[in-house]
Novice: 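Here it is: the structure, laid out below.
Just so it is clear: chains get the letters A, B, ... in the order the sequence lines come, proteins before strands, and each one is counted from 1.
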Number of protein chains: 2
Amino acid sequence: MNDILGNQNPLERHLGYWMRLVSNEVSNAFARALADRQISVAEWVALNHIASRAHSTSSAIATSIGMTRGAVSKILDKLESKGLVSRVASADDNRVQTLSLTRDARRLLPKLTAIADANDDHFFSVLDESDRNALRALLQKLADLHQIRDIPIE
Amino acid sequence: MNDILGNQNPLERHLGYWMRLVSNEVSNAFARALADRQISVAEWVALNHIASRAHSTSSAIATSIGMTRGAVSKILDKLESKGLVSRVASADDNRVQTLSLTRDARRLLPKLTAIADANDDHFFSVLDESDRNALRALLQKLADLHQIRDIPIE
DNA sequence: TATTGTTATACTCTATAACTATA
DNA sequence: TATAGTTATAGAGTATAACAATA
């Protein structure tokens, strides 16, 4: 249906338009699902960052997701106030705070991962496996060729 | 490089992650290019809406891009203050305002279109034509199957 | 001097909902 | 009553830049 007019609409000529259209749908659905648990996408990304490495720090997260240290500080404030993250001054360097997940967060994270899996599955299972593989290959190729690094938040 | 670890990162397992990563890169680059002309993406979409139909109205734009009438009203305020859009009360129904582009806007729009074309080209020309066609087909298939309608702004 | 992290401030974007005026 | 559009208000999210503590 979308191309029944031959993409006459000037916007629809662009691949970037279709990328955005589809990407927004998946991401917004995920953001809504997370919001039911009072978690923002930025918080979800931060939790994953902390979970997946031994000594996560505020600066490392900022670099990784391409946000300022100030913004990350606020995200960590929220996670701490929800009892999900604790900040402990590093023994090596007193300026540095080592971040870790609380017991509650370790219990919560698998549920959030299940939500993410379900969201992705719901959206992409309408394609067969070869289409999904083709899409993944094309997206990774673009990411590689343009050397995209920041983990997407928005 | 991105999959050298076999996508061990829990986020990277999701196709939605790669969609977002790539989509943000294209969209942010476009937003920055528009910003050089003091135009937001929402304004660009509104300008195109008005340009591509005879009697565009505020409500129609709101429906089309999935924003509230209040938000669209502000976007039109900005476009009007920039001398790009004029609002004229409809003869048929005095509640309705017919929107039209000013002479300045008609001069500007082709330049903005060129910026959009260049941005899309820069990003996707790293793929060969068959890859681009495949990507377009996959994205349109997803948009069709999920009946996505709103023109993406964010 | 440089770096880690926090904070004060401001800005952009958008929603909600009350409002005016027409119909 | 319903609709088109505006406006007042509020909230989320993020950047900038100054700051304190530490290296």
Side-chain angles (χ1 to χ4, degrees), chain A residues 20 24 27-28 30-32 34-46 49-50 55-82 85-100 150-154, chain B residues 20 24 27-28 30-32 34-35 38-46 49-50 55-82 85-100 150-154:
Chain A
R20 200 67 180 163
N24 275 355
S27 298
N28 291 343
F30 180 51
R32 283 192 298 273
L34 280 184
D36 291 344
R37 300 277 188 152
Q38 332 288 349
I39 302 284
S40 73
V41 176
E43 288 165 20
W44 149 256
V45 171
H49 191 279
I50 299 167
H55 299 289
S56 181
T57 66
S58 183
S59 289
I61 294 176
T63 302
S64 162
I65 68 185
M67 281 175 51
T68 62
R69 285 171 297 144
V72 171
S73 185
K74 279 197 178 178
I75 291 167
L76 294 174
D77 283 349
K78 288 206 174 174
L79 288 172
E80 200 170 33
S81 76
K82 291 170 186 171
V85 163
S86 65
R87 311 192 236 209
V88 179
S90 160
D92 309 352
D93 182 338
N94 261 309
R95 291 171 306 180
V96 175
Q97 295 185 335
T98 300
L99 303 169
S100 58
D150 287 349
I151 295 177
I153 298 302
E154 313 146 59
Chain B
R20 200 68 180 162
N24 276 355
S27 298
N28 292 343
F30 180 50
R32 282 192 298 271
L34 280 184
Q38 331 289 349
I39 302 284
S40 73
V41 176
E43 288 165 20
W44 148 256
V45 171
H49 191 279
I50 299 167
H55 298 290
S56 180
T57 67
S58 183
S59 291
I61 294 176
T63 303
S64 162
I65 67 184
M67 283 175 52
T68 63
R69 285 172 297 141
V72 171
S73 185
K74 280 197 178 178
I75 291 166
L76 294 173
D77 283 349
K78 288 208 174 172
L79 288 171
E80 200 171 32
S81 76
K82 291 172 186 171
V85 163
S86 65
R87 312 192 235 210
V88 178
S90 160
D92 310 352
D93 182 338
N94 262 308
R95 291 171 307 180
V96 175
Q97 296 185 335
T98 300
L99 302 170
S100 59
D150 288 348
I151 294 177
I153 299 301
E154 315 144 58

Novice: Quick one: does A/N28's side chain get under 4.5 Å of A/R32's, heavy atoms only?
Specialist: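 Contact flag for A/N28/A/R32 side chains = yes.
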Novice: How many Å lie between CD on A/Q97 and C1' on D/dT22, as a whole number?
Specialist: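 It is 12 Å, rounded to the nearest whole Å.
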Novice: In whole angstroms, how far is the C1' atom of C/dT3 from the CG atom of A/D92?
Specialist: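 Going from CG in A/D92 over to C1' in C/dT3 covers 15 Å.
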Novice: Within the structure shown, what part of the strands sits under 4.0 Å from B/I61 by heavy-atom distance: base, sugar-phosphate, or nothing?
Specialist: nothing
Novice: For the base of D/dT6, is there a side-chain donor-acceptor partner from B/K74 under 3.5 Å away?
Specialist: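 No pair found.
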Novice: Identify whether the distance between the nearest side-chain nitrogen and carboxylate oxygen of A/D77 and A/R87 falls below 4.0 Å.
Specialist: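 A salt bridge links A/D77 with A/R87.
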Novice: With side chains defined as the heavy atoms from C-beta onward, is the minimum distance between B/I61 and B/S56 less than 4.5 Å?
Specialist: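 Yes. Closest side-chain heavy atoms under 4.5 Å.
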Novice: For the pair made of CG in A/L34 and P in D/dG13, what is the distance, rounded to whole Å?
Specialist: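 After rounding, the reported distance stands at 12 Å.
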Novice: Would you tell me if any nitrogen or oxygen in the side chain of B/K78 comes within less than 4.0 Å of OP1 or OP2 on C/dT12?
Specialist: no
Novice: Could you check how far CG of B/L76 sits from P of D/dG5, rounded to whole Å?
Specialist: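 Result: 9 Å.
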Novice: Under the criterion side-chain hydrogen bond (donor to acceptor under 3.5 Å, both in side chains), I'd like the reasoning laid out for A/S90 against A/T98: C-alpha separation, chi angles, the key distance, then a yes or no.
Specialist: CA-CA 6 Å; A/S90 160; A/T98 300; 4.6 Å; no
Novice: Check whether any side-chain heavy atom of A/D150 sits under 4.5 Å from a side-chain heavy atom of A/I65, and report yes or no.
Specialist: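 Counting from C-beta outward, A/D150 and A/I65 never come under 4.5 Å.
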Novice: Please report the distance, rounded to the nearest Å, between CG in A/N24 and P in C/dT14.
Specialist: 11 Å
Novice: Could one point to a donor on the side chain of A/R95 or the base of C/dG5 with an acceptor on the other under 3.5 Å away?
Specialist: no
Novice: Side chain of A/M67: nearest nucleotide among D/dT14, D/dG5, C/dT7?
Specialist: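 Selected nucleotide: D/dT14.
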Novice: Contact class for B/S73 vs. all strands (heavy atom < 4.0 Å): base, sugar-phosphate, or nothing?
Specialist: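 Base, at least one base atom sits under 4.0 Å.
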Novice: Is there a donor-acceptor pair closer than 3.5 Å between any side-chain N or O of A/S73 and the backbone N or O of A/R69?
Specialist: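 Not a single qualifying donor-acceptor pair exists.
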Novice: When the distance from CZ of B/R69 to C1' of C/dT14 is rounded to whole Å, what number comes out?
Specialist: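 Atom-to-atom, B/R69 to C/dT14, this comes out as 15 Å.
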Novice: I need the CG-P distance between A/N28 and C/dT14, as an integer number of Å.
Specialist: 12 Å
Novice: Within the 4.0 Å heavy-atom criterion, would you say A/T68 contacts the bases, only the backbone, or no part of the nucleic acid?
Specialist: base
Novice: OP1 or OP2 of D/dT6 sitting under 4.0 Å from any side-chain N/O of B/R87?
Specialist: yes
Novice: Take A/D93 and A/S40, find for each the nucleotide of DNA chain D with the closest heavy atom, and name the residue whose nucleotide sits nearer the 5' end.
Specialist: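 In this pair, the answer is A/S40.
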Novice: Of all the nucleotides listed (D/dT6, D/dG5, D/dA15), which has the minimum atom distance to the side chain of B/S59?
Specialist: D/dG5
Novice: Starting at the 5' end of DNA chain D and moving along, which residue's nearest nucleotide shows up first, A/V41 or B/A60?
Specialist: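 Closest to the 5' end, via its nearest nucleotide, is B/A60.
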Novice: What nucleotide among D/dT7, C/dC13, C/dT14 has an atom nearest to a side-chain atom of B/D77?
Specialist: D/dT7
Novice: Is there a side-chain contact between B/T57 and the phosphate of D/dA4, meaning an N or O under 4.0 Å from OP1 or OP2?
Specialist: no
Novice: Taking atom C1' of C/dT14 as reference, at what distance in whole Å does atom CG of B/D150 sit?
Specialist: 14 Å
